[in-house]
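Everything on this sheet refers to the single structure shown next.
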2 protein chains.
Amino acid sequence: MEKTITRIKDIAQKAGVSTGTVDRVLHNRGRVSEDVQQRVLKIAKELNYEPNLLARALVTNRTYTIAALLPDPAADSYWQAPKTGIEKAEAELKQYGVVVKQFIFNPFQASSFRENADRLTKTKFDGILVAPIFYRESITYFNIWKRSGVPFVLFNTHIPDYEPLMYIGQDSYLSGYLAGKIFHFGHQESGTFLVAHIDENMQDSSHLIKKEQGFVDYFQQNTSADAYQILHTQVSRGTDKEGFTAQLDNLLADNPSITGIFVTNSKSYMVAEYLQARNHRKINLVGYDLVEKNLHFLNAGIINFLINQNPKGQGYHSMYGLADHLIFKKKVEAIKYLPLDIITKENLQYYYG
Amino acid sequence: MEKTITRIKDIAQKAGVSTGTVDRVLHNRGRVSEDVQQRVLKIAKELNYEPNLLARALVTNRTYTIAALLPDPAADSYWQAPKTGIEKAEAELKQYGVVVKQFIFNPFQASSFRENADRLTKTKFDGILVAPIFYRESITYFNIWKRSGVPFVLFNTHIPDYEPLMYIGQDSYLSGYLAGKIFHFGHQESGTFLVAHIDENMQDSSHLIKKEQGFVDYFQQNTSADAYQILHTQVSRGTDKEGFTAQLDNLLADNPSITGIFVTNSKSYMVAEYLQARNHRKINLVGYDLVEKNLHFLNAGIINFLINQNPKGQGYHSMYGLADHLIFKKKVEAIKYLPLDIITKENLQYYYG
DNA sequence: AATTGCTGCGTGTACGTACACAACATTCGC
DNA sequence: GCGAATGTTGTGTACGTACACGCAGCAATT
């Protein structure tokens with residue numbers, strides 16, 4: 001049966017018109033009489049016409065220039081992965097005329113974000129990819145881009161209400177909830193856990209709060225009230241190593257019952273260093289992200305689990321979201337969460353690299 | 001700079017020959033003088049020529065017929081996922097002229113495998129996808145296919161030494177090792193664990209043995225000798241429910257210290273049913289695969305973790321492996337293991353569906 | 001009556017590649 | 001020396017689509 005793929009030519013033949021007319025109908029560019037239009041559409045539906053994307057991409061020979069506004073991996077190695085994902089997608093989409101221009105900003109300076117966003121906005125791009133880690137600054141540009149009709153995709157950090165084409169990233173609350181599950185499984189009777197926010201720029205704080213909320217809610221919803229105790233601490237950026245050590249020393253001295261530490265960002269290696277130095281073998285450690293330093297302590301057995309939300313995939317899928325919209329005219333989903341992967345020393349090899 | 005993609009035409013112009021000549025050189029079909037050949041190759045390299053796959057796929061208008069030999073999901077719902085993955089890839093690759101013919105065999109009857117493989121072998125296919133769960137029977141056909149030069153891809157079960165184009169699937173040993181890690185984390189001081197092989201056809205037994213081996217090795221390598229005890233049991237196919245219950249009753253009566261059960265295949269829901277009926281709340285349960293019945297007990301909290309090796313992805317990537325080889329002439333890697341995902345109730349939503 | 005403008009539609013060409021065929025040059029056999 | 005065989009290269013067409021252009025036919029304007 002339907003082994004034959006229908007082409008514009010087939011529709012034209014069956015409708016008794018030329019391919020040009022069919023083309024005009026399918027692209028809604030008018031200059032076709034009502035009855036012919038109806039006839040062509042009907043036949044197209046009957047024959048189940050689907051345009052040949054190859055041929056289309058071949059003939060619409062234009063280039064799509066996409067701007068990627070993302071933080072500097074040199075400042076925080078977490079951002080290496082999304083960058084790699086973007087570049088992988090770029091290589092694959094080169095075929096279709098996609099060119100990416102990267103704008104790299106310093107994730108610790110809002111001014112750097114603004115500068116790069118300004119530079120970006122000067123040129124007219126076909127699409128924009130952005131990690132909007134500075135909330136206030138971002139929405140200014142969202143409004144500009146929206147007015148000029150340029151589709152933009154957010155990744156890593158979600159800022160709704162400004163109609164981005166899509167958001168790709170993580171569900172912070174649920175990842176905290178998942179961390180709760182992991183600790184609960186590791187300590188099935190009772191436990192005291194420390195939620196640690198470490199060395200973070202303030203922009204990500206809403207992420208971290210959601211993670212902690214998820215963590216706390218897990219125990220509230222799944223355990224009896226008094227079996228588990230959850231503490232929390234914050235080490236602000238700029239604290240030196242001695243200060244950091246002292247702070248943890250105090251915390252553990254005051255709370256000798258602590259059996260697990262949940263680090264809400266990619267800095268769990270700092271706690272791991274401490275635990276190793278102090279030889280605290282019994283304290284479990286769960287953190288985020290497959291950055292080099294974390295992997296070292298994961299393999300050493302100091303970090304038990306890392307939660308990972310495929311940052312490389314975030315970059316990769318963001319690019320494809322734009323491409324699906326711009327080139328392939330597919331409908332894209334407004335929100336795409338990537339899987340919350342649970343990484344251990346044992347299954348790390350599948351996720352890294 | 002290099003914003004211009006180089007075409008055959010560009011090479012031809014620069015070399016002072018026609019596009020036909022360049023084409024002959026690039027495709028090694030002779031009838032070109034030595035000096036012209038060298039010149040063209042040199043220029044192609046200089047200009048960093050890469051063929052336009054779209055144009056190529058457009059012009060080589062042939063259809064690729066691929067045979068998929070896989071077990072019947074109706075007999076074992078595990079096989080639904082690979083089938084879905086294959087069909088998803090088929091839909092995407094239809095553009096490029098890929099047509100898939102499925103041959104569904106009964107996973108409990110080697111004769112059914114043979115019948116379908118015979119039917120398959122009668123027709124000449126461009127590529128073959130097979131889940132070779134019957135070892136002895138499979139290698140007969142491997143030899144036939146190899147002689148006739150048809151590339152074949154294995155998934156789910158690896159049988160080396162017969163030069164398949166690639167293998168896609170799981171690393172059984174490591175997944176057992178990973179299960180060991182999970183139980184160890186759940187019982188950090190000591191524990192008694194039961195490895196249960198349930199209701200399985202013999203063909204998969206090598207898989208199950210590797211999983212158990214990995215599990216045992218984990219504790220040998222990571223814990224002191226006497227803290228952990230590992231038992232094992234086997235329930236053969238055909239045992240009725242009462243027999244199953246009785247067998248577990250006896251086991252738990254003889255070994256009241258059992259704190260965890262590791263089910264080496266997708267049948268962990270059977271143990272879950274038992275644990276629920278007997279109200280054994282304290283026994284942890286880890287199994288495999290996101291089949292419907294398992295999900296029910298995962299959500300109910302009876303099954304703690306499921307290990308999943310993306311069976312849908314196995315089907316999907318197998319198809320793409322063949323397509324990359326046949327259509328896009330890419331080099332494909334001989335072995336592709338898919339990630340060992342750790343699934344809990346909390347992150348299930350990202351992996352299922 | 002001649003012109004312009006508009007509507008409805010067909011034709012032609014281009015995208016980059018593959019391949020059949022034609023065309024030409026060279027060599028060889030007799 | 002001529003025809004045939006062989007070797008080397010150019011030309012043309014096709015794949016399916018998009019779009020510029022052109023051409024009729026008719027109505028409205030000059």
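Applying the ring pair (Phe, Tyr, Trp, His ring centres under 6.0 Å) criterion to A:His158, with sequence neighbours excluded, gives A:Tyr167. Partners of B:Phe105 according to the ring pair (Phe, Tyr, Trp, His ring centres under 6.0 Å) rule, which considers only residues two or more places apart in sequence or in another chain, are B:Phe113. With sequence neighbours left out, A:Lys336 forms a side-chain contact (heavy atoms from CB on, under 4.5 Å) with A:Met166, A:Ile168, A:His317, A:Leu338. Take B:Lys83 and apply the salt bridge (Lys or Arg N to Asp or Glu O under 4.0 Å) test, not counting sequence neighbours, and it matches B:Glu87. Residues that satisfy the side-chain contact (heavy atoms from CB on, under 4.5 Å) test with B:Ser77, not counting sequence neighbours, are B:Val291. By the side-chain contact (heavy atoms from CB on, under 4.5 Å) test, A:Lys101 is found to be paired with A:Phe103, A:Phe125, residues two or more places apart in sequence or in another chain being considered. Not counting sequence neighbours, the partners of B:Val150 by the side-chain contact (heavy atoms from CB on, under 4.5 Å) test are B:Lys124, B:Ile128, B:Ser148. Residues satisfying the side chain to side chain donor-acceptor pair (under 3.5 Å) test with A:Tyr78, not counting sequence neighbours, are A:Asn156. For B:Glu163, the salt bridge (Lys or Arg N to Asp or Glu O under 4.0 Å) partners at least two apart in sequence or on another chain are B:Lys146.
Here the range on DNA chain C touched by chain B, meaning any atom under 4.0 Å from one of its heavy atoms, is C:dC15 to C:dC19.
Within the nucleic acid shown, A:Asp23 comes within 4.0 Å of at least one base atom, counting heavy atoms only.
Between B:Ser33 and D:dT9 there is a side-chain polar atom (N or O) within less than 4.0 angstrom of OP1 or OP2.
At a non-hydrogen distance threshold of 4.0 Å, nothing from residues 10-21 of chain B comes into contact with DNA chain C.
Nucleotides of DNA chain D nearest to A:Arg29 and B:Glu34 differ in position, and the one nearer the 5' end is that of B:Glu34. If A:Tyr49 and B:Val32 are placed on DNA chain D by their nearest nucleotide, the residue sitting closer to the 5' end is B:Val32.
Counting to the nearest Å, the C1' atom of D:dC23 and the CZ atom of A:Arg31 are 12 Å from each other. Rounded to whole angstrom, the span from the CD1 atom of B:Ile8 across to the P atom of D:dT11 amounts to 16 Å.
Ion pairing of B:Lys94 with B:Glu90 is absent here, as no side-chain N (NZ or NE/NH1/NH2) approaches a carboxylate O to less than 4.0 Å. Note on B:Arg29 versus B:Asp23: salt bridge recorded, some NZ/NE/NH1/NH2 to OD/OE distance being below 4.0 Å.
Relative to the axis of its first five pairs, the axis of the last five pairs of the helix from C:dA1-D:dT30 to C:dG29-D:dC2 sits at 70°, rounded to 10 degrees.
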